[in-house]
Amino acid sequence: LACEVYRGPGTVIYGTGDGPAPREALAGLLGDAALVAELSDPRHKASRAAYLAGKEFWARSLARHMRGRLDADWCLAEAGATGPTFNVARIDRAFSAIFVAGPAEGAVLV
């Protein structure tokens, strides 16, 4: 649904080239500005625990939202961090939060 072009540490632009700002592009993709605001809330970077929980929340919210928006039976979403620099204290290695939304749901943090 979107590609990520990294332009510097901690910066992600959704789309390609000189497209819209990340929040605008994500709002266009999701069609829900309130969800984008919730996903982008700075409290998700307040601590290591908040950051990990925020990534799980991101994956869960995105999978459920896009499942409904696309009228799909199943939807998988992933959120995480790859490094090598991290913006949150005590996050020092890559991880991925994966959520599957469907008739049965599940999540894993790896």
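Quick caveat, the model's predicted, so the values are computed rather than measured. Computed over heavy atoms, backbone and side chain alike; hydrogens, waters and symmetry mates excluded. All residue numbers refer to positions in the sequence shown, counting from 1.
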A.B. asks: Would you say the side chain of W74 lies within less than 4.5 Å of the side chain of P103, judging by non-hydrogen atoms?
C.D. replies: yes
A.B. asks: Sub-3.5 Å donor-acceptor pair from the side chain of R67 to the main-chain atoms of D73, do we have one?
C.D. replies: yes
A.B. asks: Nearest 0.5 Å please: distance from the CD atom of E56 over to the OG atom of S96.
C.D. replies: 10.5 Å
A.B. asks: Using every non-hydrogen atom in the two residues, find where L39 and S61 come nearest and quote the distance to one decimal.
C.D. replies: CD2-CB, 4.0 Å
A.B. asks: Any heavy-atom pair between the side chains of E38 and H44 that's under 4.5 Å?
C.D. replies: yes
A.B. asks: Should E105 and R60 count as an ion pair when the cut-off is N to O under 4.0 Å?
C.D. replies: no
A.B. asks: Measure across A46 and A50 and return the closest heavy-atom pair with its distance rounded to 0.1 Å.
C.D. replies: N-CB, 4.2 Å
A.B. asks: Any chain of hydrophobic side-chain contacts (each under 4.5 Å) joining V110 to L76?
C.D. replies: yes
A.B. asks: So which atom in A97 and which in A59 form the shortest heavy-atom distance, rounded to 0.1 Å?
C.D. replies: O-CB, 3.6 Å
A.B. asks: Heavy atoms, side chains only, cut-off 4.5 Å: are E78 and F99 in contact?
C.D. replies: no
A.B. asks: Side chains of L62 and L35: closer than 4.5 Å at any heavy-atom pair?
C.D. replies: no
A.B. asks: Any side-chain to backbone donor/acceptor pair from R69 onto L30? Under 3.5 Å, distance only.
C.D. replies: yes
A.B. asks: Is it the case that the side chain of R48 and the backbone of R90 share a donor-acceptor pair, with hydrogens and angles ignored and the cut-off at 3.5 Å?
C.D. replies: yes
A.B. asks: Below 4.5 Å, heavy atoms only, C-beta onward: do L109 and F95 meet side chain to side chain?
C.D. replies: yes
A.B. asks: Roughly how far, to the nearest 0.5 Å, is CD1 of I91 from NZ of K55?
C.D. replies: 9.5 Å
A.B. asks: CE/M66 to SG/C75 distance, rounded to the nearest 0.5 angstrom?
C.D. replies: 6.5 Å
